[in-house]
Amino acid sequence: MKTKKGAAISIATMVSPVTLWMAFFIAIPLLYVAVMSFCGTDENYNVVFRLTLENYRRLLDPSYLQIYMQSILIAFLTTAFCILLGYPFAFLIARTKSRKKALLYMLVIIPFWTNSLIRIYGWRTFLSASGMLNTLLMKLNLIDTQIDFLYNIGTTVFGMVYCLFPFMILPLYTAIEKLDINLLEASSDLGARGASTFFHIILPLTASGIFSGSIMVFIPALGYFFVADILGGGNSDVIGNLIERQFQSGNNWPLGAALSMILIGITLLLVKLYQKCGGDMESLGV
Amino acid sequence: MKKLKMGFCLLLAALTTASLSACGGNSQSSDSTGSAGELNIFVWTEYVPDSVIEQFEEETGIKVNVSTYSSNEDMLAKVKSEGEGTYDIVQPTDYMVEQMISQGLLQELDQSKLTNLSNIGESYLNPSYDPGNVYSVPYQGGAAAIAVNTSKVPSGTITSYADLFDSQYANSMVVLDDFRAIIGMAAKSLGYSMSETDPDKLAEISERLLSLKDNIKLYDSDSPKSALISGDCYLGVIWSAEIALAMDENPDIEIVYPSEGAYLFMDNWCVTKGAKNYDQAMEFINYMLKPETAQMVMQEYPYLNPNTTALEGMEDDYKNNTAKNPPAEDIAKGEYIKNLDTDTLAIYDQMWTELKK
Amino acid sequence: MVRTQKRKLKKGLGVGYCALIYLFLFLPIAVIITNSFNATTSKPYMTWKGFTFDWYIKLFDNSALLDSFGNTILIAVCSTVLATCIGTLAAVGMYRYRFRGKGVIDALLYIPVVIPEIVLGIALLTLFAKTSIPRGILSLVLAHTTFSIPFVVFNIRARLTGYDNSVEEASMDLGAGKVETFFRITVPILAPAIGGGALLAFTLSIDDVIISYFTNGQTKTFPLKVMESIKSGVSPDVNALSTLILAGTTLLVILTQSNLFKRRK
């Protein structure tokens, strides 16, 4: 059964379904989007196939560039907060000697089985001017008038951090769990203090977790338009909002396609950066 | 291994039960209805009461599937990108009716089936965007007026769109997520038309629009009253009925029709080209033209209603409520928007993007 | 003495910090569950008007909501099955054999994982619009399968390292055909990995918002129905349904996990 022909048939049967599927549903649509980004529209908003650079010219306008910068800033802040808040948490859970470790891990995942939209809405209700937080703070006499928590960039970042938190925790958890305790003991035996051990041993060894977590947080944060809509109030558009608008009310698919190409470009840059830093593609998405 | 298998079987069983019960729930309701066919309607959010649809379903046996949108442009985008006939009925606003007619997206209405059309006031029939009501029948309309929470801003301080541009109102307003309405407001505050095309004037409007940016806290076309009711915003430029509903919940809130003249709109029932359920669609539209139906609609979504028979039958405090029943002089001052050419639209789109970043 | 005190302080801080993070994660869930008992009846359903179980009963009258949930389950099951079959074959095939073009397929598989969902969403919308594939359950199943396949493949591939195919060879030496060997030997051995991939695919499908938003046509899935409700004010029956789903999935996990716990002891 080890004939070349037999092997060829095996390969064909096993791999052709996925190849055909990916070609038809990923490669071809993306190619079409790329082509469409060079097209225009007529007065009836139908796509017209005369190649033009008009869309890209519009999108490289300073006003659009500012929006990209803002979106990247939001994504950056989201990632930063995920790392700062998530690392200690992942560390404590991963290295706990408690018997309930599996339970603790599960408790991180369980909230994410509830629909993410309704949880974001839950935050909106909670943070609203007449919501529970303001009511509580006023009852405790900590504030006189309500605080405006909602509808600014900060709320959008907050919402993104909330949604993307597990994507940072899970890779961190995996990386931290693999830490050999002997290394830590050896380090303290050799006289290193806690902080030194952390920066010279723990951090470098868990860096892969930080990198893959960062990619899995940063890239989606550029596209999560519904968080910016629900919590940001429409003031803190991310690139995803721009794209969504062109495919809905803007009625300008080619412009939306061009925006998508720009977003893909940013994504590829980040992935290249990730690989340069020694990031492992295998650890993404698992 | 066995235990895992057991676990997965449990999971599968639970899921099958869940989907069966969900489907079972539907088939129960669709056994009694759906015998006279189906109808797919695509309407504005917060515009057609569930109770009206349910009553229609019970009386006729037609099952109604509802999808919603919150801007004409969104509706146009969906109608064009979905297959023909995905939606039977749509609710375009005046200027959008004109556009959809020119793009060949609408079907002619069989007026012989619209026996209740006589309930609509004469002045609302035969509009400029659809002479003879060949493709459309008016539903409800109104204005994009100003909402003021008088506990924060004393009554009478604000009388015009221009007043809203004052920097003391920073981070206080909820406005419609509708570029024609808000750009139109900026134009009106300068004394220009809401469908301005002159490039110099547009540059002025653009600057004016951007000066409003800091005052806007939230863009919401779906349920803008929520922000006013919750207190997250104390000023708003939103649909008149939304202001009316906010006023019901919070008596501090007042409506102000801008002195420059408000953004006006009239929404219409239309049937799409290629609609699969034409007869059911006509039955539905005729049903909506009944005075009793119109009254039910006005109770829940108090907009300007062209059904004069229905309006006459409403209580006095409804008729005297300036938010629910916009006064004639304010309507006379207002302006309906017109369609724009592609190049001008691109400029408007650019302005809007600048504002929202 | 100081050392143990220091250690206790550290431990206390650690526990405190974790508790805060858990609070952060669970707070909106608490809000949702609480609001499912809200006796309010008027839009936008924001003010608390008393405690009631009514909405749990009214939920079963809301056929649009139940429909959307049924759709979500149906789409999730179909897309999971499809993605698992295609993905398992692909993962084993790519692990076992070397052939030209493997790198290309690999790259194609990474695309849905790495690019933002909105790009995939509009690309699929464009495809469906151009090829007139009916927008609805079909397009949603196709879309969900597309983004699930890579996760299945990667999950299985991760567990394939060090896979010993001597059992398979033995099976074939004993006369079993390739297909028989695959289904009777390979699949059972890989069952945990396949199960893990399937579970991941299922989870992704159930909560998908962005891709479904562009490819759904008129069909409502549960997340899209929630999105619609958010626009006009979420009525407590949506909260009730979400609470029930959460309770159900938690229960399932406890049942399956307790099996595993027992095994360990």
Side-chain angles (χ1 to χ4, degrees), chain A residues 1 7 10-11 14-15 17-19 21-23 25-30 32-33 36 85 88-89 92-93 102 106-108 110-111 113-119 121-123 125-126 130 132 165 219-220 222-223 225-226 230 240 243-244 247 253 256 260 263-264 267 271 281-282 284-286, chain C residues 14 17-18 21-22 25-29 31-32 35 46 86-87 89-90 92-94 97 99 105 108-119 122-127 130 142 146 149-151 154-155 158 172 178 207 209-210 214 222-223 226-227 230 234 238 242 245-246 249-250 253:
Chain A
M1 277 306 186
S10 291
I11 298 176
M14 295 187 106
V15 175
V18 75
T19 317
W21 192 283
M22 287 306 183
F25 288 103
I26 301 267
I28 293 180
L30 285 175
Y32 188 73
V33 169
M36 197 166 60
L85 293 174
F89 180 70
L92 289 166
I93 307 262
M106 269 290 126
L107 279 178
V108 179
I110 285 179
W113 285 334
T114 322
N115 189 275
S116 48
L117 278 169
I118 205 169
R119 281 179 295 128
Y121 183 77
W123 275 118
T125 319
F126 185 74
S130 54
M132 295 181 208
F165 202 62
I219 295 179
L222 294 169
F225 62 88
F226 59 89
I230 298 178
I243 298 177
E244 191 258 342
F247 276 90
W253 287 26
S260 306
L263 188 52
I264 291 179
T267 306
V271 173
M281 290 303 281
E282 291 279 317
L284 296 177
V286 178
Chain C
Y17 184 74
C18 286
I21 298 283
Y22 279 119
L25 292 176
F26 278 91
L27 202 141
I29 310 253
V31 173
I32 296 166
N35 264 327
M46 279 169 17
I86 298 179
L89 279 174
V92 178
M94 288 176 81
Y97 302 104
F99 51 90
I105 301 180
L108 282 176
L109 283 170
Y110 272 111
I111 292 180
V113 175
V114 170
I115 60 169
E117 290 177 57
I118 188 169
V119 175
I122 58 123
L124 286 170
L125 170 63
T126 320
L127 177 73
K130 262 285 150 189
L142 293 174
T146 308
I149 291 177
F151 288 96
F154 293 149
N155 231 286
M172 292 200 281
K178 272 190 174 175
D207 199 23
V209 175
I210 297 183
F214 289 101
F222 182 58
V226 173
M227 196 186 239
I230 290 181
V234 178
V238 179
S242 301
I245 297 174
L246 180 64
T249 40
T250 313
V253 169

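Annotation: maximal heavy-atom pairing with chain A below 4.5 Å, among C/Val31, C/Thr146, C/Ile32, C/Leu246, occurs at C/Thr146. Interface remark: of the candidates C/Ile210, C/Thr250, C/Ile111, C/Leu124, C/Ile210 forms the most heavy-atom pairs closer than 4.5 Å to chain A. Taking chain A as the reference chain and counting heavy-atom pairs below 4.5 Å, the highest number among C/Ile122, C/Val119, C/Ile86 is found for C/Ile122. Most heavy-atom pairs under 4.5 Å with chain C, from the set A/Thr125, A/Ile230, A/Ile243, A/Leu85: that is A/Leu85. Chain A forms the most heavy-atom pairs under 4.5 Å with one residue out of C/Leu125, C/Ile115, C/Asn35, and that residue is C/Leu125. Chain C forms more heavy-atom pairs under 4.5 Å with one residue of A/Thr19, A/Val33, A/Leu107 than with any other, namely A/Leu107. Among C/Val238, C/Val209, C/Ile245, C/Val92, the residue with the largest count of heavy-atom pairs under 4.5 Å with chain A is C/Val209.
Note that CD of C/Glu117 and CZ of A/Phe225 are 9.5 Å apart. Values are rounded to the nearest 0.5 Å. Atom CG of C/Leu109 sits about 13.0 Å away from atom CH2 of A/Trp21, to the nearest 0.5 Å.
Considering only heavy atoms from C-beta on, C/Thr249 stays 4.5 Å or farther from A/Ile110 through its side chain. In this structure, C/Ile21 and A/Phe165 have side chains that are in contact, with non-hydrogen atoms separated by less than 4.5 Å. By the 4.5 Å heavy-atom criterion applied to side chains, C/Tyr22 and A/Val108 are counted as neighbours.
Residue C/Ile230 touches chain A through both its backbone and its side chain, counting heavy-atom pairs closer than 4.5 Å. Both the backbone and the side chain of A/Phe25 come within contact range of chain C, judged by heavy atoms closer than 4.5 Å. For A/Leu263, the part sitting under 4.5 Å from any heavy atom of chain C is the side chain, from C-beta outward, and nothing else. For a residue to count as touching a neighbouring chain, one of its non-hydrogen atoms must lie under 4.5 Å from one of that chain's; by this rule C/Leu27 touches chain A with the side chain only. Both the backbone and the side chain of A/Trp123 come within contact range of chain C, with heavy atoms under 4.5 Å apart. Contact of A/Pro88 with chain C is made through backbone and side chain together, with heavy-atom distances under 4.5 Å.
Taking each heavy atom of C/Ala123 and A/Leu30 in turn, the nearest pair found is CB-CD2, 3.9 Å. Looking at every heavy atom in both residues, C/Tyr17 comes nearest to A/Phe89 through CE2-N, 3.7 Å. A/Pro111 and C/Ile29 get closest at one heavy-atom pair: CA-CD1, 3.7 Å. Smallest separation of non-hydrogen atoms from A/Trp253 and C/Thr126: CZ3-CA, 4.2 Å. Here the closest heavy-atom approach between residue C/Pro116 and residue A/Thr267 is recorded as CD-OG1, 3.5 Å. C/Leu108 approaches A/Ala27 most closely through the heavy-atom pair CD2-CB, 3.9 Å.
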(message) Go through it in stages, so that I can follow the logic: the residues are A/Val18 and C/Leu89, the test is side-chain contact (heavy atoms from CB on, under 4.5 Å), and I'd like the CA-CA distance, side-chain angles, deciding distance and then a yes or no.
(response) CA-CA 8 Å; A/Val18 75; C/Leu89 279 174; over 6 Å; no

(message) Checking A/Met22 against C/Ile105 for the side-chain contact (heavy atoms from CB on, under 4.5 Å) test, could you report, in this order, the C-alpha distance in whole Å, the side-chain angles of both residues, the deciding distance, and whether it holds?
(response) CA-CA 8 Å; A/Met22 287 306 183; C/Ile105 301 180; 5.8 Å; no

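C/Ser242 and A/Asn115 share no side-chain donor-acceptor pair at under 3.5 Å.
Of the possible donor and acceptor atoms, none in the side chain of A/Tyr32 sits under 3.5 Å from a partner among the backbone N and O of C/Lys130. Of the possible donor and acceptor atoms, one in the side chain of C/Asp207 sits under 3.5 Å from a partner among the backbone N and O of A/Ser116.
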